[in-house]
Engineer: 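One structure, as structure tokens, below. Some questions next.
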There are 2 protein chains.
Amino acid sequence: MSTIGKALSLLDLISELDKDIGLSDLARLSALDKATARRFLVDLERHGFVEQDEETRRYRLGAAPVRLARLRQARFPFVAVAAPFVKALAEEAGETVHLSEFSGGRLSTIHVEDSAQAHRVIVDPGAVLPFHATASGLAYLAFLPPGEIDRALARPLERFSAHTATDADAVRTLLRETVERGYSISQQGFEIGVISAAAPILTPGGRPMGALAVAAPTARADMARMHEIGRKAAAAARGIAEKYYGGRT
Amino acid sequence: MSTIGKALSLLDLISELDKDIGLSDLARLSALDKATARRFLVDLERHGFVEQDEETRRYRLGAAPVRLARLRQARFPFVAVAAPFVKALAEEAGETVHLSEFSGGRLSTIHVEDSAQAHRVIVDPGAVLPFHATASGLAYLAFLPPGEIDRALARPLERFSAHTATDADAVRTLLRETVERGYSISQQGFEIGVISAAAPILTPGGRPMGALAVAAPTARADMARMHEIGRKAAAAARGIAEKYYGGRT
DNA sequence: CCTTGTGGTTCATTATTTGAACCGTTATTT
DNA sequence: AAATAACGGTTCAAATAATGAACCACAAGG
């Protein structure tokens, strides 16, 4: 792997941690030499992607991404455009709704609107959504060109719960259903007690670039209701794409 | 320079552009070989920091920073904490207010609240603020340890307008005044027609980590009013620091 | 006071990055 | 319509930067 790739993977690793981490620990976790990890960290810090706590000497994610994110969103206001749709869907469905975007080979949550109900599903913003185990991932995967689906399903599929579909053929069946309906449903594939329905957000070229998902506790989620919610999610996803891409060419 | 440093500088360069850019242009601008630039871009794209337009083949800032920014802000909600203070100050002063944060060797705007007035100053979110030529920069610089001020003023100071203080001693005078008052004032040092007052946001250790600035059109900005606004900005900056650092230890 | 851990550094060895020259394609220019 | 210039992208020997074992100095614990 290139040096740059290694450094960016180190940054990814740091981003996944929810607390500061020391040099030795980080070297172990990243399987990099301590000296190498340090050089990477110095470079990353110089550019603001990482910062070191003055007193504990531990490292954490820096502030530079905030600036870059502003610039990105000024030009591609995906979250800003989608937010009203997300909110409306959350109110309509009465459940937590989250928006995800594909980037860097992963689908990750970039916006969440919590359900108003006391008993609701909690979604972490920034969390990575596995393609085969979440409604969002299935919705995204289903509308990808066949070759890319094959590549995604080629490696072993991690098990996240007792209900995770870890067999490629089983996933393919889910994908076929998803394409037919226009939305996916994942029954506790990622987390026990949660059922989700999701629809892809498609570029004008027909390629998925993200997903819109509704997550409900199993207690409230009979299948008729989930299909109803799925249809609403698909409509909202189309609305987002239309508004987002309508303004540009 | 390290390979990583070069790649991150390339990313910075791309972030400064407000439109997509082709490989050859980018190689020229960054003074990198075309093949090298391409390898960097591939690595950056693989991690989502850069994306390539499918049809034009031009490159632009990717979506990965949005995800990292979410994670950073979940742990350090600087913007979220400061936003109400920024808004209140904008209403109180009746002028555009912007918040900046130091990161990666630069002070950059991360939040803006526009004045309600029709004739108002426009500030770009994500813009980099030169230390010697903006009120924010002066406010930040003034409270830095002497050694770091020396280092910042050692290199030649760029001229942005006819009023920019490009002489290190002239800047030092401005910094002394800033420390005494607790806020800085920049009279058209960055942009003709704009006068700003800014106050530093200090960590519990007394080190500046950002600045809060009010920008007014010269037409409305007599000095008595700017001093009044400066005092208000200083109070708001203290409020932000207290709330932001009060919650942690 | 000895052990084990930490963050950080050194420098000969090694592996990666580099860039001139090269494709094939696509806009311009003549 | 031919010629030219510019584009994005690729190749591979030469040059350079990354690597990591061994090394500090220090702190905490036994």
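Proteins get letters first, then strands, A, B, ... in listed order; numbering begins at 1 in each. For clarity, every value in this text was computed on a predicted model and none was experimentally measured.
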Engineer: Give a yes/no on whether any side-chain N or O of A/Lys6 is located under 4.0 angstrom from OP1 or OP2 of C/dT16.
Structural biologist: no
Engineer: Give me each pair satisfying side chain to side chain donor-acceptor pair (under 3.5 Å) with a member in residues 141-157 of chain B, each pair once, sequence neighbours excluded.
Structural biologist: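 Every side chain to side chain donor-acceptor pair (under 3.5 Å) pair that includes a residue of residues 141-157 of chain B, provided the two are not neighbours, is B/Glu148-B/Arg207, B/Asp150-B/Arg172.
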Engineer: Distance only, no hydrogens: is a donor on one side chain within 3.5 Å (strictly under) of an acceptor on the other, for B/Arg67 and A/Ser15?
Structural biologist: yes
Engineer: Listing time: all N or O pairs from protein to nucleotides 28-30 of chain D that are below 3.5 Å?
Structural biologist:
none

Engineer: Any salt bridge linking A/Asp33 with A/Arg39? Criterion: basic side-chain nitrogen under 4.0 Å from a carboxylate oxygen.
Structural biologist: no
Engineer: Would you say B/Tyr59 places a side-chain N or O within less than 4.0 Å of OP1 or OP2 belonging to D/dC7?
Structural biologist: no
Engineer: Salt bridge check: are A/Glu101 and B/Arg70 linked by an N-O gap of less than 4.0 Å?
Structural biologist: no
Engineer: Between B/Asp20 and A/Arg75, does at least one N-O distance fall below 4.0 Å, as a salt bridge requires?
Structural biologist: yes
Engineer: Using a strict threshold of under 4.0 Å (side-chain N to carboxylate O), is an ion pair present between B/Glu54 and B/Arg60?
Structural biologist: no
Engineer: Provide, to the nearest angstrom, the distance between the CG atom belonging to A/Leu10 and the C1' atom belonging to D/dA18.
Structural biologist: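 That distance rounds to 15 Å.
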Engineer: Please list, in numerical order, the residues of residues 18-48 of chain B that have a heavy atom closer than 4.0 Å to any atom of DNA chain D.
Structural biologist: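 Those residues whose heavy atoms fall under 4.0 Å from DNA chain D, taken from residues 18-48 of chain B in numerical order, are B/Gly22, B/Leu23, B/Ser24, B/Asp25, B/Arg28, B/Lys34, B/Ala35, B/Arg38.
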Engineer: Have a look at A/Phe40 and tell me which of A/Leu8, A/Leu11, A/Leu32, A/Ile4 forms a side-chain contact (heavy atoms from CB on, under 4.5 Å) with it.
Structural biologist: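 So the option named by the test is A/Leu32.
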Engineer: Can you work out whether A/Arg57 or A/Thr3 has the more 5'-proximal nearest nucleotide on DNA chain C?
Structural biologist: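 It is A/Arg57, whose closest nucleotide lies nearer the 5' terminus.
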Engineer: Taking the inter-plane angle between the rings of B/Phe102 and B/Tyr140 on a 0 to 90° scale, is it parallel (under 30°), tilted (30 to 60°) or perpendicular (over 60°)?
Structural biologist: parallel
Engineer: Closest-nucleotide mapping onto DNA chain C: is A/Met1 or A/Gln52 further toward the 5' terminus? I mean the 5' end.
Structural biologist: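 Its nearest nucleotide lies further toward 5', so the answer is A/Gln52.
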